[in-house]
Amino acid sequence: MLLVIGTFRLPPGTITQARPVMAQMVRASRAEAGCIDYGYAEDVLDAGLIHVREMWRDQAALDAHFAMPHLARWRATWAELGIIDRDLQAYDLGAPRAV
């Protein structure tokens, strides 16, 4: 299992414009084979900071995600939305366990 976690930044004035675009990306990604979870969350203390959390079955599922048309469309909006400071990391995980 792979956990992808990180952040990106939007100018605070574009968040209203970005929400429907981000929602479409989340819905399309969650529908992919191998996607366990996918989400964006606005930071409550830092306007424009978006937290990213993705969980993928394996590297093959993540690689397939990178080739999806909806990901290309999402990336094409970055300049218009002013997305900057993108910082995402992938982590290999073992089997989940309750804590």
same_hphob_cluster(Trp78, Leu88) at 4.5 Å side-chain heavy-atom cutoff: yes

Asp85 side chain near Leu49 side chain, heavy-atom distance below 4.5 Å: no

Residue pair His65 / Ser29, side-chain heavy-atom distance below 4.5 Å: yes

Spatial distance of atom CD (Glu32) from atom CG (Leu62) [nearest 0.5 Å]: 9.0 Å

Shortest non-hydrogen contact from Leu10 toward Ala18: CD1-CB, 3.7 Å

Shared hydrophobic cluster, Phe8 / Val26 (ILVMFWY, side-chain heavy atoms < 4.5 Å): yes

Straight-line distance of Ile36 CD1 to Glu54 CD, nearest 0.5 Å: 11.5 Å

Ring center gap for Tyr40 and Trp74 short of 6.0 angstrom: yes

4.5 Å side-chain heavy-atom contact, Gln89 and Leu3: no

Criterion side-chain contact (heavy atoms from CB on, under 4.5 Å) on Arg27 and His70, from CA distance to verdict: CA-CA 10 Å; Arg27 280 191 296 274; His70 60 266; over 6 Å; no

Trp56 and Tyr38 aromatic ring geometry - parallel, tilted or perpendicular at 30°/60° bounds: perpendicular

Heavy-atom side-chain contact between Thr77 and Met25 under 4.5 Å: no

Test item: Arg9 and Asp46 side chains (from C-beta on) under 4.5 Å apart, heavy atoms: yes

Between CZ on residue Arg86 and CD1 on residue Ile50, distance to nearest 0.5 Å: 14.0 Å

From NE2 (His51) to OG1 (Thr7), nearest 0.5 Å: 7.0 Å

Gap separating the CE atom of Met68 from the CG atom of Asp63, nearest 0.5 angstrom: 11.0 Å

Single-linkage hydrophobic cluster Val52~Tyr91, side-chain heavy atoms < 4.5 angstrom: no

Close side-chain approach of Glu80 to Gln17, heavy-atom, < 4.5 Å: yes

Any Met22 side-chain heavy atom under 4.5 Å of Ile15 side chain: yes

Arg53, CZ atom: more than 12 neighbouring heavy atoms under 6.0 Å: no

Residue pair Ala61 / Ala33: nearest heavy atoms and the distance that separates them: CB-O, 4.1 Å

Gap separating the CE atom of Met1 from the CD atom of Gln59, nearest 0.5 angstrom: 14.0 Å

Minimal non-hydrogen separation, Pro11 against Gly82, with atom names: CD-O, 3.2 Å

